[in-house]
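Working notes for the structure below.
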Amino acid sequence: MSIAVYVRKDYFRAVTIADKSAHILEFQYRPQRVDVFEAGYQVFHLEYILESKAKAEIMEYYITDFRLRGQGYGTVCMNEIADQLSKKGVTLITAPTGYELAPLGYTGPDQYQELMAGFYRKIGYSVSGDGDLAMKIMESE
């Protein structure tokens with residue numbers, strides 16, 4: 001079963017990333033995915049499913065260029081996407097903090113899970129006691 005949440009398909013957003021520099025990002029919403037571009041270059045990708053009209057589960061997301069990691073793109077993109085979903089009535093977002101295999105560039109699943117749990121905490125999510133699930137409860141608008 002698929003639940004539809006209608007978010008404006010394409011829009012631009014001015015953001016400030018970690019080094020205090022300003023950027024114009026283009027958010028493209030498609031069913032169950034969001035792609036973010038800067039000056040025509042993809043910088044972020046997220047896939048999610050809606051388990052109900054009020055609950056979204058993030059399946060995966062990543063910064064497309066390894067050199068852009070740690071600069072704040074993930075934070076601004078995740079916060080913007082959560083804000084847009086909240087405006088559409090989503091009150092709970094969940095996400096795994098790790099996978100059976102760590103993505104390229106990490107020493108292993110444990111290191112990746114620890115880093116992801118820290119990232120989710122930084123952007124306002126709660127992390128389960130065993131560290132394998134992050135969740136954010138939001139007020140719908």
Side-chain angles (χ1 to χ4, degrees), residues 1-20 22-141:
M1 179 176 85
S2 178
I3 308 276
V5 168
Y6 296 98
V7 176
R8 195 170 55 192
K9 284 189 175 182
D10 302 313
Y11 66 92
F12 292 87
R13 180 74 178 237
V15 299
T16 302
I17 62 169
D19 67 359
K20 308 297 185 218
H23 299 261
I24 304 294
L25 300 181
E26 178 185 3
F27 287 79
Q28 294 185 359
Y29 284 83
R30 303 292 182 259
Q32 301 182 329
R33 80 171 204 249
V34 183
D35 292 304
V36 182
F37 297 83
E38 182 174 30
Y41 179 75
Q42 186 175 14
V43 295
F44 184 84
H45 174 81
L46 178 137
E47 293 183 23
Y48 67 96
I49 59 170
L50 291 169
E51 295 180 3
S52 71
K53 288 182 180 181
K55 183 179 180 190
E57 181 179 354
I58 296 171
M59 303 309 292
E60 73 169 347
Y61 71 91
Y62 51 85
I63 301 295
T64 54
D65 185 337
F66 208 81
R67 296 171 294 177
L68 297 177
R69 294 182 183 177
Q71 295 184 28
Y73 285 96
T75 298
V76 298
C77 291
M78 292 291 282
N79 287 337
E80 176 66 20
I81 292 164
D83 183 53
Q84 292 301 314
L85 289 174
S86 174
K87 288 177 181 178
K88 298 301 177 185
V90 173
T91 57
L92 176 65
I93 299 175
T94 61
T97 57
Y99 304 98
E100 194 171 311
L101 299 172
L104 187 65
Y106 297 93
T107 59
D110 293 340
Q111 180 214 23
Y112 184 71
Q113 182 177 351
E114 186 177 318
L115 289 170
M116 293 308 300
F119 172 73
Y120 278 115
R121 284 187 191 99
K122 182 177 97 172
I123 61 171
Y125 284 66
S126 299
V127 176
S128 65
D130 57 4
D132 67 343
L133 181 70
M135 68 181 84
K136 184 170 191 167
I137 299 172
M138 305 174 298
E139 293 184 27
S140 68
E141 298 184 7

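Listed for the T97 side chain is no donor-acceptor partner under 3.5 Å among the backbone atoms of A117. Judged purely by atom type and a 3.5 angstrom limit, D83 has no side-chain atom pairing as donor or acceptor with the backbone of N79. Side-chain atoms of K122 never come within 3.5 Å of backbone atoms of T75 as a donor-acceptor pair (strictly under, hydrogens ignored).
Taking both residues in full, the closest heavy atoms of L25 and C77 are given as CD1-SG, 4.1 Å, listed atom of the first, atom of the second, then distance. Across all non-hydrogen atoms, the minimal contact from Y120 to A95 is OH-CB, 3.2 Å. Here the closest heavy-atom approach between residue M116 and residue Y61 is recorded as CE-OH, 2.5 Å. Shown here for Q71 and I17, the closest heavy-atom pair between the two residues is O-CB, 3.4 Å. Listed here is the closest heavy atom pair of V90 and M138: O-CE, 3.3 Å. Taking each heavy atom of Y41 and L68 in turn, the nearest pair found is CE2-CD1, 4.3 Å.
Separation of atoms CD1 (I93) and CD1 (I81) is listed at 9.0 Å; rounding is to 0.5 Å. Here the straight-line distance linking atom CD1 of I58 with atom CE of M78 works out to 3.5 Å at 0.5 Å rounding. To the nearest 0.5 Å, atom OH of residue Y62 and atom CZ of residue F44 are 10.0 Å apart. We find the NE2-CG distance between H45 and D35 to be 5.5 Å, quoted to the nearest 0.5 Å. Rounding to the nearest 0.5 Å places CD of E80 at 10.0 Å from CG of L85. Residue M59 holds its CE atom at 13.0 Å from OH of Y48, rounded to the nearest 0.5 Å.
Within a 6.0 Å radius of CD in Q111, more than 12 heavy atoms belonging to other residues, nucleotides or ligands are found. Surrounding CG of L115 are more than 12 heavy atoms belonging to other residues, nucleotides or ligands, all under 6.0 Å away.
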